[in-house]
Amino acid sequence: MSLLTRRRFAILSTVAAATLALPACSAPGEDEESGSSNDGPIKIAVVNAQSGQLSSLGAWELKGVKLAVDEWNKAGGINGRQIELGVFDDQGDPTVGTNLARKIASEGYIAMLGTAESAVTIAMAPILQQEEIPNITSGQSPGLVAVKSPFLFLNGPTSTTYDETLAKYIVDTKGLKNIAMITNNGSFGKGEHDAFTKALAARGVKPVTDQVVTNDQKDFSAALTNIRQKNPQVIFVGAEEVQSGLIVKQARDLGIKVPFAGAAPQGTPVFFDTAGAANVEGTIVSSPYLSNDIDDASRTFAAAYQAAHGEDAEMHGAKAYDGAQIMLTALKNSNVATGKALADAIRATKHQGLLGDFAYDDTGVGIFATSIGTITGGKLVAAAG
């Protein structure tokens, strides 16, 4: 076997191992009926981390998508056609994601939901744009907007919105200006760093210290010791769920008692469990979905999610549910269009979702507001003001 052949075999093996199929759905791709034909199932790819450190995030996303698709299929599908999900594991790795983008195109998927990892989404975007496959992602990095793909849409706000809301609450409302920062150098962390730094600068505030760690770092003692020496009033953290939890836990072990502040990851059960419930008390969270008890829509969603999956819903499942609803509505409104026509239909879709009212602009962003919550008594609740 030549070196080139061995490399191809290794890539194909990785992709095959990363590909899963939902039990309720037929296996994707191998039949002759593609999602773009006029009958047979409508094929939508779901890409997220189903293994590795970000697998909890991928699992929530999949549950949200599957709940929406099951509801549509039970109601008769779209134009009498069932929706078929092909589930792919990107492992949180942009290289794996790039290979999956080619696989999705070759197997006739007409649209994609996910991923939650901005770096993976950005890596996949050029191939999906070339193949004219619309994608509604759960990433939130401003870098997604910078891609400028007419086939890329977000199912939530960007970090710019999350962190502008956060800075407004911390600085303008609470009057806190002695702020430390710790973020990672991945796509999500960098997006959080840049957005929050910009929001502070607009208020004439400079962080007392700006600690940047690596994406896979697990020991933060040096950075946290520096932060402790600056005696901040609050610490902004820009990292994914597990890393954020480790940062908070290690900070408490070093005797740091001030509250942390952040965006979506800090409102999740994984953050609570990793840091420890007592350690996250007082954390300030910017989120478009604070609880399952905001209104009738969130209560109905949460009850259906609990019945389907046996656990409480959280924000990432709600985001994915909203994204799936927008995609399916666009498919219905366009009579199952593909390519640019489907992208145009997504852009034209107005959706009253769990996260708010969606109306897409030319950048692919459809929602521009979050709310502030605090972790109080072990639960994320709306901030008092």
Side-chain angles (χ1 to χ4, degrees), residues 16 18-48 50 58-90 100-101 103-115 128 131-138 151 153 155 300-301 303-310 313 317-346 348-349 351 353-354 358:
T19 304
L20 306 171
L22 285 174
C25 305
S26 56
E30 299 303 330
D31 59 17
E32 294 182 354
E33 288 187 90
S34 76
S36 60
S37 63
N38 293 326
D39 53 15
I42 300 167
K43 296 175 61 173
I44 299 176
V46 181
V47 180
N48 267 301
Q50 301 297 328
W60 292 324
E61 296 277 333
L62 177 57
K63 289 171 183 173
V65 169
K66 190 173 184 305
L67 179 60
V69 168
D70 285 349
E71 289 175 353
W72 279 69
N73 278 339
K74 287 177 182 176
I78 300 173
N79 294 353
R81 298 170 63 185
Q82 293 286 286
I83 300 108
E84 177 184 297
L85 296 179
V87 183
F88 299 85
D89 180 8
D90 65 34
L100 290 178
K103 182 178 179 66
I104 289 166
S106 69
E107 294 188 351
Y109 289 92
I110 65 171
M112 173 179 147
L113 296 169
T115 77
L128 296 177
E131 299 292 340
E132 298 193 345
I133 298 175
N135 172 26
I136 299 182
T137 177
S138 294
F151 293 88
F153 303 86
N155 63 14
T300 299
F301 162 75
Y305 191 98
Q306 174 64 238
H309 304 304
K319 283 180 68 178
Y321 182 86
D322 272 351
Q325 291 287 357
I326 293 168
M327 179 68 77
L328 298 173
T329 300
L331 283 164
K332 179 182 178 182
N333 290 344
S334 65
N335 195 24
V336 196
T338 60
K340 182 179 181 301
L342 178 56
D344 290 343
I346 294 171
T349 297
H351 178 69
L354 298 167
F358 286 81

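Quick caveat: nothing in here was measured; it's all calculated off a predicted structure.
Residues Trp72 and Ile78 form a side-chain contact, since some pair of their non-hydrogen atoms from C-beta on lies under 4.5 Å apart. Side-chain contact between Val69 and Ile44 is absent, with no heavy atoms from C-beta onward closer than 4.5 Å. Looking only at side-chain heavy atoms (C-beta outward), Phe301 and Leu67 come within less than 4.5 Å of each other.
A donor-acceptor pair is defined here as one N or O able to donate and one able to accept, closer than 3.5 Å; such a pair exists between the side chain of Lys319 and the backbone of Ser138.
Here the closest non-hydrogen pair linking Gly76 and Gln82 is C-NE2, 3.8 Å. Nearest heavy atom pair, residue Pro41 against residue Glu84, reads CG-OE1, 3.5 Å. In this structure, Phe88 and Gln50 approach most closely via the heavy-atom pair O-CG, 4.4 Å. Nearest approach of Ser334 to Leu342, heavy atoms of both residues: OG-CD1, 4.2 Å. Counting all heavy atoms, side chain and backbone alike, Met112 lies closest to Ile133 at N-CG2, 4.2 Å. Between Gly323 and Asn155 the shortest heavy-atom distance is CA-CB, 3.8 Å.
Atom-to-atom distance recorded for Asn73:CG and Lys66:NZ is 9.0 Å, nearest 0.5 angstrom. Annotation: the span from Phe153 atom CZ to Asn135 atom CG amounts to 9.5 Å, rounded to 0.5 Å. Rounding to the nearest 0.5 Å places CG of Asp344 at 8.0 Å from CZ of Phe151. In this structure, Lys332 NZ and Leu328 CG are separated by 10.5 Å, a value rounded to the nearest 0.5 Å. A distance of 5.0 Å separates CD1 of Ile326 from NE2 of His351, quoted to the nearest 0.5 Å. The CD1 atom of Ile346 sits 4.5 Å away from the CD1 atom of Ile136 when rounded to the nearest 0.5 Å.
Applying the side-chain contact (heavy atoms from CB on, under 4.5 Å) test between Asn79 and each of Leu331, Asn335, Ile42 identifies Asn335 as the sole match.
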